[in-house]
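In this text the structure is predicted, and so the values were computed from the model without any measurement. Just so you know, ligand 1 is whichever comes first in the structure, and atom 1 is the first atom listed for that ligand.
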Amino acid sequence: MSSKVRKYITVVLFLAVSMVIYLNSNYVINNWNIVIIMGILSVIAETFMVKIPGIGGVSVAFAIVFSTIIMEGPLAGVIVSAIGITFCRPYVDDIGYVHILNTPIYKTVFNISQNILYAGTSALVYVYLHSRFYYLGDIDPVSAVGTMATFLFVNTLLMTFLIHFLSGGRFLDIWSENFKGMIVSVAAVGLLGIIIAKAHDSYGLGAVVMFFIPLMLSRYSFKLYVDMRANYYDTVKALINTIEAKDPYTSGHAARVGKYAVAIAKEMKLKPSQIDTIKNAALLHDIGKIGVNDNVLNKKERLTDEEFDIIKSHPSVGYDIIKDIGFLHNVMDIVKHHHERWDGTGYPDGLSGEDLPLETTILTVADSFDAMVTDRPYRKALSVETALGEIVRCAGTQFNPGIVAVSIKVLQRYEKDIESVNREIEIKSKALAAITDDTETVHKKDDKRLQIDGSQDKFKQDDSPIGKIDEAEDDDKGIA
Ligand SMILES: [Fe+2]
């Protein structure tokens, strides 16, 4: 943990302790039953928080905290909020359920302090506004909106500072992403908080529990949607692995392209949503190879024009596969155009220059770089230096000249990683060659017996050494 993060967490802890001291000396709790029941509901709400990849967690805990503030005041609201985050078991990971005893202490301290601060400030705003606008109703709209806005502001601000200190992203970008991501959720959950408080007013604590059940059910159906998305990505990853596993030379290609493209996008300080799109597009970019015959896809010899045309169909096939899947709409065009060139001579549509989205041009550089620096069946890998030289040379023809300099700066960091990738490819291809040799011996015996004609010999690779330029073009011929 960096000293900046440590200092930041210390400041947040100090503010949270000050908040508790202030509330404890200015407010009292009359009905501890409310605190106990709402505390339990808050633990349940935080436990069943829905984790959304790239956005974070969405929980209904704010509804519980907000209604507690209305029913029993600021001190009760803060206690309920702190109980919820302290005793929840929010998710399962490699070590099993994550809870207070197996979470790093700094995370626990930050989470509890953050909850105390958002609940405390929201409660103080509610009390202040309600004392002025009480004539508008038991729960007046001005203080309700003010409370929700304060929660949204404080929560996203505290989170943004942490992400900023951890990842170094641009403060305003992280904040606006967080803010936008939470605005609808906070409004909906805040309204539920008001309804729960109203129900308590009319029917007592039993009604609060009765309202809580459908609330959790609605979160459950939302969780099913999130799980479905995650399952979809897992399925796609499995498909990609299946395609890549057939050829040791392309094994791990999508993941590496994603790593390079995301690093370039981060260096360019793109928005988190754009970075997320690039990451997903990288994972999916060659999904269309599912529709390409294995014999063509894995052919070691030079491709015929006909076979090259088949390979060239994979971006369009990939586009067709994902175009009807709602949440992949932002990646389908990138998948379709990942073999376009800046000068318009790429495929499938011959788009050029500014018609190509920035995300696509980043993916193209990452894709070509990985193809050049990894071993191929017909040639050894180019050195990182040579590959980067190729990217510079092709700036303005194959690649977006505006991103070349930053790409070079980022990609040269991966020299060591690339060495180990190629060592792995060598081991895998040797293992595969040994298996293939065995299989071929068996097949040759069968061939003699069955008189099968080995007509693939027609398109032998020409033996002339392939120079730098041809290598780059080869990579463009659907290898990447
Ligand atoms: Fe491709």
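- Among residue pairs with one or both ends in residues 354-365, none qualify as salt bridge (Lys or Arg N to Asp or Glu O under 4.0 Å); sequence neighbours excluded.
- Vertex the Fe ion (ligand 1); arms to His338 NE2 and Asp286 OD1; angle rounded to 10 degrees, 90°.
- Among the atoms of Asp367, no N, O or S atom is found under 2.8 Å from the Fe ion (ligand 1).
- Distance check, rounded to the nearest 0.5 Å: OG1 of Thr360 to CG of Asn400 gives 10.0 Å.
- Note on Lys279 versus Asp276: no salt bridge recorded, every NZ/NE/NH1/NH2 to OD/OE distance being 4.0 Å or above.
- Within the 2.8 Å limit, His314 places at least one N, O or S atom next to the Fe ion (ligand 1).
- Screening residues 394-414 for salt bridge (Lys or Arg N to Asp or Glu O under 4.0 Å) gives Glu267-Lys409, Glu267-Arg413 as the qualifying pairs, with residues at least two apart or on separate chains.
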